[in-house]
Amino acid sequence: MAAQNRVLIQGGRVVNDDHSFDADVYVEDGVISQIGKNLQLPGGFKVIDAKEKLVIPGGIDTHTHMQMPFMGTVAVDDFYTGTKAALAGGTTMILDFIIPRRGQSLLEAYDQWKAWAEPKVCCDYSFHMAVTWWNDKVGEEMETMVKERGVNSFKMFMAYKDVMMLNDAEMYQVFCRCKEIGGLAQVHAENGDLIDECSKKLIALGITGPEGHAMCRPEEVEGEATNRAVTIANRAGCPLYVVHVMSRAAGDVVSAARKEGKVVFGEPIAAGLGVDGTNYWDKDWRHAAAYVLGPPLRPDTSTPGYLMDLLANGDLTCVGTDNCTFNANQKALGKDDFRKIPNGVNGVEDRMSIVWEKGVHSGKLDENKFVAVTSTNAAKVFNLYPRKGRIAVGSDADIVVWDPQATRKISASTHHQAVDFNIFEGQVCHGVAVYVLSQGKVVVEDGGHVKVTQGAGKYIPRKPFSDYVYKRIKVRDGLNQPKAVEREPYKGPVIDLNAEP
Ligand SMILES: C[C@@H](CNC(N)=O)C(=O)O
Ligand SMILES: [Zn+2]
Ligand SMILES: [Zn+2]
Ligand SMILES: [Zn+2]
């Protein structure tokens with residue numbers, strides 16, 4: 001029994017976001033206990049041979065929607081299949097979203113999502129909270145979420161009009177509230193009014209296929225909303241995290257904001273790094289519909305490479321997936337009207353290999369930047385570091401033995417996800433998770449044998465005011481308090497509005 005929770009990972013090269021070094025890693029009772037060479041160890045441990053392999057922090061997927069009720073149906077990958085697939089691909093923690101119905105208490109929604117996740121998750125997890133409506137009660141509950149439920153991030157939708165969309169004034173108030181309680185404001189940045197108007201026009205023209213989904217929300221619709229969110233957040237003095245950055249236009253807005261010193265983070269997703277929007281024009285309806293998500297993939301085939309370049313230079317920060325999967329027959333709900341195609345795609349299992357293949361194997365990222373964008377940056381942004389996101393003594397033993405030379409061919413016929421297709425079908429990627437430890441237990445071995453335990457995952461609460469996010473803001477708040485001008489009261493002439501014209 002002792003061997004199960006004592007593991008020695010021998011002969012590997014440890015890769016953190018800031019440096020790489022050759023060392024053995026010893027794990028005991030779920031945490032990293034020793035790192036170095038010629039370790040003095042107690043007997044009775046399992047040995048993993050990591051020669052010529054990398055030993056990296058388990059991936060953290062910043063953006064998933066397991067079993068999300070959406071557009072009249074429910075995402076088919078649930079907290080079990082979704083987290084099993086995550087572990088299979090080298091991701092050892094997911095950050096999922098609680099999405100209250102309009103008018104629903106945030107606390108009630110939290111209990112609902114927690115009840116869905118707890119019995120099923122195979123890896124550690126945490127939640128963002130969506131703010132889909134706004135009043136003082138929501139503001140009070142946001143504080144409870146931060147102080148008592150360990151949620152420190154709040155997502156607003158600028159799209160999905162009449163379902164989850166907030167207007168600018170509401171967003172400004174939620175941003176101000178986030179700032180007060182030390183939360184990180186997140187946005188789904190698309191102009192929902194323009195999407196609504198343009199999609200009606202396309203349907204009237206008889207354009208009902210998935211190409212209409214892309215045509216009604218071109219990248220300028222994402223770029224405009226991203227810029228608006230950056231402005232509103234800046235006026236509120238609130239840090240901003242733009243989820244699923246899908247285009248050059250939005251990526252450029254995030255780059256410019258960061259160059260101006262604004263506290264803004266951008267999150268590309270595996271889909272946007274691995275495929276493009278030309279798929280929407282495929283003659284096969286089921287193929288085209290499979291790629292429908294919002295914001296859409298871009299027909300500009302240079303987009304995946306451009307987003308990877310922005311990750312490489314630090315303008316974009318964390319790679320998520322927005323994993324929100326619907327089977328082909330669920331996508332077919334929109335066979336006569338693209339507005340009814342459930343939005344969402346897969347990614348949670350293939351994210352790490354896609355980033356390795358498109359980033360490291362292409363020479364755009366080095367191994368340390370790979371660790372940063374797939375794990376460490378997320379831990380820092382969402383206040384999980386260094387418990388998560390680092391190979392260090394005392395950190396959680398969420399560890400991946402990564403084979404940079406091995407390749408894997410992505411296919412729905414072999415993936416662990418529940419969804420019956422894969423948007424990366426047929427892609428061959430360098431970079432394979434040959435061993436994965438979750439909470440110090442081996443859950444993937446020999447590159448494919450997945451042995452997870454349903455419900456073993458733990459909810460990880462997160463404190464507000466993450467240093468990585470708020471240190472600069474705190475200093476600025478001390479400097480830039482608005483002040484009135486001291487002046488004598490005005491005693492000059494004023495027109496009389498009641499006087500005869
Ligand atoms: C509803 C959720 C997933 N669907 C999607 N991105 O198309 C999101 O917008 O992030
Ligand atoms: Zn979204
Ligand atoms: Zn999402
Ligand atoms: Zn390759």
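All ligand and atom numbering here is 1-based and tracks the order in the structure.
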Ligand-residue contact atoms, ligand 1 with Phe70, heavy atoms, under 4.0 Å
1 (C)
Which residue and heavy atom of the protein sit nearest atom 2 (C) of ligand 1, plus the separation
His65 NE2, 3.5 Å
At less than 2.8 Å, would any N/O/S atom of His63, backbone or side chain, sit next to the Zn ion (ligand 3)?
yes
Can you tell me if CG on Asp136 sees more than 12 non-hydrogen neighbours from other groups inside 6.0 Å?
no
Looking at His188, the N, O or S atom sitting nearest the Zn ion (ligand 2) is ND1
Can you check whether Leu293 has an N/O within less than 3.5 Å of an N/O in ligand 1?
no
Identify, for atom 10 (O) of ligand 1, the protein heavy atom at the shortest distance, and state residue, atom and that distance.
Lys155 NZ, 3.0 Å
Donor-acceptor pair between Glu141 and Ser105 side chains, under 3.5 angstrom
yes
Are more than 12 heavy atoms, taken from residues, nucleotides or ligands other than Lys114, located less than 6.0 Å from that residue's NZ atom?
yes
Atom CD of residue position Gln104 - does it have more than 12 heavy atoms of other residues, nucleotides or ligands inside 6.0 Å?
yes
Going by heavy atoms, is Phe97 under 4.0 Å from ligand 1?
no
Compute the angle centred on the Zn ion (ligand 2) spanning NZ of Lys155 and NE2 of His244, and express it rounded to 10 degrees.
110°
